[in-house]
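Keep in mind it's a predicted model, so treat the numbers as computed, not measured. Chain identifiers are assigned alphabetically (A, B, ...) following the order of the sequence lines, protein sequences preceding nucleic acid strands; residue numbering begins at 1 within each chain.
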Amino acid sequence: GENVEQHPSTLSVQEGDSAVIKCTYSDSASNYFPWYKQELGKRPQLIIDIRSNVGEKKDQRIAVTLNKTAKHFSLHITETQPEDSAVYFCAATINFNKFYFGSGTKLNVKP
Amino acid sequence: GAVVSQHPSRVICKSGTSVKIECRSLDFQATTMFWYRQFPKKSLMLMATSNEGSKATYEQGVEKDKFLINHASLTLSTLTVTSAHPEDSSFYICSAIDRAGNSYNEQFFGPGTRLTVL
């Protein structure tokens, strides 16, 4: 099955700096890659996603890039704010049949 | 976005009892629901895929007789943890797919159920 790896496991940045989280996947048939933000004790919330026919997508301070050849995708958060502090998960799926999650990145934005 | 509810939010039970967790899509029809298990400070582990009107598909290593899944309607799936033991204590989260036409949109999560088995 699909194997999704995520790095780093923890990331600490100063408020206003950028944060980058990277994921790799193993199954070249994966065609949808969502990113989720999860606060302690809460449900994961979709923050951005990208499909395999697109290389980059941006939504205000958040962007995701996808390199299908290398089978990796990254989350970029610019101008980080303390409220961005949370655990972020990447995931991959083939046609929404199953979702495989990365191990998570705990982001700490220091004021 | 679409709303998925999960009940109960928290349950404490004695070892050997069975616990049922409900997952409901409140404002859309979910042809597929997923059940995940999440350990503290860990990722979501897919347990099973539940399709309305058919048997659930379990991931490798997940005991289907231990974790009974029923998806009786397009808005309800249930997970029953049978004869629960302390090692079953975890955070269980469901999610539902909102299918619009022939396209899937995104996965919507329930708020999760914290199970503690004494």
Participant: Considering only heavy atoms and a distance below 4.5 Å, find which of B:Q60, B:K42, B:E59, B:Q6 pairs most often with chain A.
Facilitator: B:E59
Participant: Quick check: under 4.5 Å, non-hydrogen atoms only, which of residues 67-77 of chain A neighbour chain B?
Facilitator: none
Participant: Mind checking whether B:S43 and A:V4 have side chains closer than 4.5 Å, heavy atoms only?
Facilitator: no
Participant: Hey, are the side chains of A:R43 and B:F108 touching, using non-hydrogen atoms and a 4.5 Å cut-off?
Facilitator: no
Participant: For A:P44, is it the side chain, the backbone, both, or neither that has a heavy atom closer than 4.5 Å to a heavy atom of chain B?
Facilitator: both
Participant: Should we say atom NE2 of B:H7 is surrounded by more than 12 heavy atoms from elsewhere, each under 6.0 Å from it?
Facilitator: no
Participant: Should we say atom CD of A:Q60 is surrounded by more than 12 heavy atoms from elsewhere, each under 6.0 Å from it?
Facilitator: no
Participant: Heavy-atom distances under 4.5 Å only: say whether B:F109 touches chain A with side chain, backbone, both or neither.
Facilitator: both
Participant: Which residues in residues 98-111 of chain A have a heavy atom less than 4.5 Å from any heavy atom of chain B?
Facilitator: A:K98, A:F99, A:Y100, A:F101, A:G102, A:S103
Participant: Would the number of heavy atoms belonging to other residues, nucleotides or ligands and lying under 6.0 Å from CD of A:E15 be above 12?
Facilitator: yes
Participant: Find out if a path of hydrophobic residues (ILVMFWY) with successive side-chain heavy-atom gaps under 4.5 Å connects A:Y32 to B:L44.
Facilitator: yes
Participant: Indicate the atoms forming the closest heavy-atom contact of B:Q107 with A:Y36, along with that distance.
Facilitator: NE2-OH, 3.0 Å
Participant: Quick check for you: among B:M45, B:Q38, B:R114, B:K41, which has the greatest number of heavy-atom pairs under 4.5 Å with chain A?
Facilitator: B:Q38
Participant: Could you give the distance from CD1 (B:I97) to OG1 (A:T93), rounded to the nearest 0.5 Å?
Facilitator: 7.5 Å
Participant: In Å, rounded to the nearest 0.5 Å, how long is the span from CG of B:L46 to CD of A:E2?
Facilitator: 12.5 Å
Participant: Check whether more than 12 heavy atoms from other residues, nucleotides or ligands sit under 6.0 Å from atom CD of A:Q14, and answer yes or no.
Facilitator: yes
Participant: Counting only heavy atoms closer than 4.5 Å, note whether A:Q6 contacts chain B via side chain, backbone, both or neither.
Facilitator: neither
Participant: With clusters defined by side-chain heavy atoms of hydrophobic residues (ILVMFWY) lying less than 4.5 Å apart, directly or transitively, does B:V11 cluster with B:L76?
Facilitator: no
Participant: Is it true that B:W35 and B:L115 fall in one hydrophobic cluster, defined by side-chain heavy atoms closer than 4.5 Å?
Facilitator: yes
Participant: Are A:V54 and A:I48 connected in a single hydrophobic cluster, I mean Ile/Leu/Val/Met/Phe/Trp/Tyr linked by side-chain heavy atoms less than 4.5 Å apart?
Facilitator: yes
Participant: Tell me whether A:V20 shares a hydrophobic cluster with A:V13, the cluster being built from Ile, Leu, Val, Met, Phe, Trp, Tyr side chains joined at under 4.5 Å.
Facilitator: no
Participant: What closest approach, in Å, do B:F34 and A:F96 show between heavy atoms, and which atom pair accounts for it?
Facilitator: CZ-O, 3.5 Å
